[in-house]
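Remarks on the structure that follows.
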Amino acid sequence: MSSVGFDIDFDADDFENDGFDKETAAKYKPSFLSEWWQSIDKVTLGLFFALLAIGVIISMATSPVAAARIDKDEPFFFLMRHLIFVFMGLGGALFLSCLSPQNARRIGILALIGSIIALILVSTHGFTVKGATRWLRVGPIGLQPSEFIKPAFIVFAAWMFTATRRDPRVAGKLIVFIVYGLIIFLLIRQPDMGQSFLLTVCFAAVFFFAGLPLGWMLFFFAFTSIGGLGAYLTVPHFKDRIQRFSSSDSGDTYQTDRSLEAISNGGLLGQGPGEGVFLHRVPDVNTDFVFAAVVEEFGFLISAVIVLTLGAFIYRAFRQALRLNDAFCQLAVAGLAMMIGVQMLINLAVNLNMAPPKGMTLPFISNGGSSMLALCFTVGLILAFTRRRPGAYVYGV
Amino acid sequence: MNGAPLTSHHKIEDSDHKMIAEGRIRIWIGLAVFSFALLLIVLRLAEVALLTKPPRPGGGDDAVFELRADIQDRNGRLLATTINNYALYARPNKILNKREAVAGLVALFPDLNPDDILRRISVRRDEVRLMRGLIPQQRRRLLDSGLPGVFTKKEPMRSYPNGAVASHVLGFVDVDLKPQSGVEYSFNDDITAKDAPPKTVSLDLRVQKALEDELAQAVSRFNADAGAGIVLNIKTGEVLGMASAPEYDPNIRATILPHKEKNRAVNATYDLGSVFKPLTVAMALDRGVTTLDEAFPVHKAFTVQRKIINDDHYSPVPLDAAHILSESSNRGTALMALRGGADMQQDFFKSLGFFEKTPIELRGQERPQYHKDWQDISVVTTSYGHGISVTPLHLASAIGGILNGGVYIAPTLSKADSAHRPIMRRVISEQTSRDMADLMRFVVTDGTGRNAEVPGLGVMGKTGTADKPAVGGYDTRRLVTSFVGAFPQWDPNYVVMITLDEPKAVEGTKGFATAGWNAAPTAGRVIARIAPMIDLPEKPVRAAEQTPRQMAAQQEALR
């Protein structure tokens, strides 16, 4: 780590005290853009751009297949949609990256409140796709509040845990648990087991990173186990999926079977773009099972590179979290990185038949408006929390 | 830090610092867990992508239409199968330069008509089909050409790898694989059942090919309009071969024309003529109307209901049963039939299935035609095969019943097995059946069937030359000639039936166009070719060949 951090955070007052006149100070005060450019973590930003570009290229390959499936005349219908969301998300992420950590945190809390309200509205005003009521119509697009609630809740939990650490009078843990319980209740009602699971894992990670005692961890583990068992016994769709997965010979394993066929047909170098055969039979080829299509057409090498690019993005966020000096930023960045990482692992595991189908997208690559916007929101928060400023980083870690 | 009041900025810094230091260790652990999980995923990806054999493309979900099982002959040789190929489509609104597209397509597929293609891609439709039946290599070339606005759809196609061979029996399917005729139609349920095994039919591809070959040569050599041929296993009712000329290739739709598609073995009826005589003789012998020794006064003029009955081969002496057959005497069988009466004859014909369609599993069979009012003249003419029209298969099955020990067995295209029991009914006694075998052997050794003889096989048979029915009677210049042969005499097992429609007198037939000169030698050639291919009953030690000579001696005594 270089010591650039100190060089960039100019303040007009500093110059005045050091005997410069205001005019000179104003002359040397860096522009907003250059200040942003100097403070932003360019590795994270570069990887973010790379992932979005990869996603667009993959969408070019999968969009015609998905369009043909629903008899769309326009083969690049899904690519166009994807591009719109990429640009919207990119704008949002860049806007968030300009904020100070405090303001970014405030946006995160607002997003939490907003998405909880939206989640409640979904149960009354939402619309249903493939048996699950998860979407809320906002203008021409359908938004999925459960996608936005994950990063928002992580920021909130990180804030609460740090606040409790600083001032034990704040009943942070209790508040977090109540909010967590409320969200899980709303998610299970939809029903959305995949997001509930992911949120729980992320919460546990933040919990763990926050250094909470082992007793709490055990309590949390028991709580989720009972919750999971309860869901298994009461939600038929959930039970069905688990049973299908655990008994490979019986039942309908259509989705993962098609996915494995496509992946196995990929080989080392793939069939080439547009040459895939099995991806035409893969369900949700542009969303949940996009990875199977990627492997069939682009092969093991390129898909491994994509996986490692995603891994590098997450690794970079973790590295930044390790170096940060602010407890809240550290916790939030680690939690958000963990969220993207777990989502990616689950999606890949489902594609490779290592986990039951969950309805989880491959971050940055899959089509899906809410998912893309929520991920860009997450990246924006990470960029804001990891901005360089005096004393933000420690060296040698 | 627990419970410590927050008094100074430094304490917050300290507690933060402690928290951060502890958090770092835990984040490291989290990162390690994540990295480990990621490693597992990449390893699993390598396993599936690199080490798992991809499934064979095609089949399964690709089926657009219901799939059809293969059809194979009795020895498992392929007769019909379903293959995947491609149909060529165009999206007219995606083709910017129509002339260029037409030029590109015609360069790839010279069979296409440029004007027709231009017309078709000029219509305002989402997609139009231009061509069917592209093989994968052709599709490859199309895709490589990069022509815009054209694409292919996979579709199954029925293929008959032997071309025209057995086409009349197999039938064919339309472009949507819907069966139109033959085995494809009759056994459609078996063929389209889920995971159906190949459908085995009774045909023997080798026998079938030999039969078609000889029939086609005969039709061509004798300049006949058409012909039919049957090889029947008379112990089981299985049809080993069934041919009709002219023939068509079910793979080439343009050859499927009505006169070619007609299966003359079952879909056409003829007045078959003298090949009926063995039936009349068998009935008379079996029902006790006559004996082998009785001689009939065929040399005397004979009139029934003011109609004169003549013999083609006039005999100056009375003839016994053996010579009535070998000389093909109309008067002889007429006298036998009249003595038995109309009821006996009708009952006998009914038992041989002559009043209804044959039970074979083929559609479009022609119903036999016969006199509604069965007077004496009907008794007389039907005794030698006139005034009753049946299909060649009717006659072949009936002769089979006469020779196989006296049991009529329904002809079938199903391979005989324990599950498949044919319809059987006794029509004559075993003794009569043995006598008939001797009498029909005599026809070949000493009678009109000499040209059908194949040394060593004990060929039996009967010729039949019939005038074609015409308005108000018969047209004596237009003939239908038949030979119904059977072998071997010591244990009759197979019937070979040949029918030629309007054969002509040609070089080498001494000006005759009768059955003995065309149908009989054709049947003989078929027998000579197929006998080595099929199982023959073992020849008994006793010399059965002597019987015809005894008959000849017996007849000599009458002269």
Side-chain angles (χ1 to χ4, degrees), chain A residues 73 161-162 165-169 205 208-211 258-268 270 277-278 280-281 291 295-296 299-300 303-304 307-308 310-311 314-315 318-319 321-328 330-331 333-334 337-338 341-342 344-345 348-349 351-354 394 397, chain B residues 1-7 9 11-58 60-62 91 93-94 126-127 140 143 146 151 153-154:
Chain A
D73 279 345
F161 287 139
T162 348
R165 233 21 201 311
R166 283 181 182 162
D167 183 355
R169 286 168 297 181
F208 176 71
F209 298 151
R258 299 292 84 77
S259 167
L260 286 181
E261 280 175 7
I263 292 173
S264 63
N265 197 37
L268 187 66
V277 178
F278 293 98
H280 289 272
R281 295 195 242 151
F291 189 68
V295 184
E296 183 175 18
F300 168 78
S303 53
V307 169
L308 293 179
L310 255 168
I314 291 150
Y315 179 77
F318 270 115
R319 284 298 295 175
L322 283 167
R323 289 182 186 130
L324 279 166
N325 258 335
D326 179 75
F328 163 73
Q330 182 186 63
L331 203 49
V333 170
M338 200 65 179
V342 172
M344 161 190 157
L345 290 176
L348 294 178
N351 272 267
L352 292 163
N353 197 24
M354 301 160 82
V394 68
V397 176
Chain B
M1 134 189 168
N2 286 343
L6 287 156
T7 49
H9 184 69
K11 288 214 167 148
I12 294 173
E13 293 273 290
D14 286 348
S15 81
D16 250 23
H17 188 265
K18 196 184 164 199
M19 184 177 171
I20 289 163
E22 199 184 317
R24 282 202 182 107
I25 297 165
R26 293 182 179 230
I27 289 170
W28 268 118
I29 296 170
L31 185 56
V33 171
F34 169 76
S35 307
F36 181 68
L38 191 61
L39 180 69
L40 283 185
I41 294 274
V42 173
L43 288 177
R44 166 73 177 162
L45 172 61
E47 185 203 342
V48 178
L50 303 179
L51 303 177
T52 311
K53 206 166 159 256
R56 202 169 61 93
D61 298 338
D62 279 348
R91 289 200 179 91
N93 59 353
K94 295 281 192 277
D126 281 352
E127 55 184 53
R140 183 83 255 166
L143 295 179
F151 64 105
K153 283 185 185 173
K154 187 183 268 188

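Below, read A as the first sequence line, B as the second, and so on, with proteins coming before strands; counting in each chain starts at 1. As the structure is a computational prediction, the values presented were derived from the model and not from experiment.
Heavy atoms of Ile314(A) lying under 4.5 Å from chain B belong exclusively to its side chain. Ala205(A) does not touch chain B: none of its heavy atoms, backbone or side chain, sits under 4.5 Å away.
Remark: Phe161(A) pairs with Phe207(A) by the ring pair (Phe, Tyr, Trp, His ring centres under 6.0 Å) rule, at least two apart or across chains.
The CD atom of Glu47(B) lies 11.0 Å from the CD1 atom of Ile263(A); values are rounded to the nearest 0.5 Å. Atom-to-atom distance recorded for Leu38(B):CG and Leu308(A):CG is 6.5 Å, nearest 0.5 angstrom.
Of all heavy-atom pairs spanning Gly267(A) and Leu50(B), the tightest one is C-CD2, 3.6 Å. Closest heavy-atom contact between Leu345(A) and Ala37(B): CD1-CB, 3.5 Å. Minimum heavy-atom separation, Arg26(B) to Phe208(A): CD-O, 2.7 Å. Here the closest heavy-atom approach between residue Phe300(A) and residue Val42(B) is recorded as CE1-O, 4.1 Å. Heavy-atom minimum distance, Leu352(A) versus Ile41(B): CD1-O, 3.7 Å. Looking at every heavy atom in both residues, Leu324(A) comes nearest to Arg24(B) through O-NH2, 2.9 Å.
Heavy-atom pairs under 4.5 Å with chain A peak, among Leu40(B), Val48(B), Ile29(B), Ile25(B), at Val48(B).
Side-chain contact between Leu45(B) and Leu348(A): absent, with no pair of heavy atoms (C-beta onward) separated by less than 4.5 Å.
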Worked check of side chain to side chain contact (heavy atoms under 4.5 Å, CB included) between Met338(A) and Ile27(B): CA-CA 10 Å; Met338(A) 200 65 179; Ile27(B) 289 170; over 6 Å; no
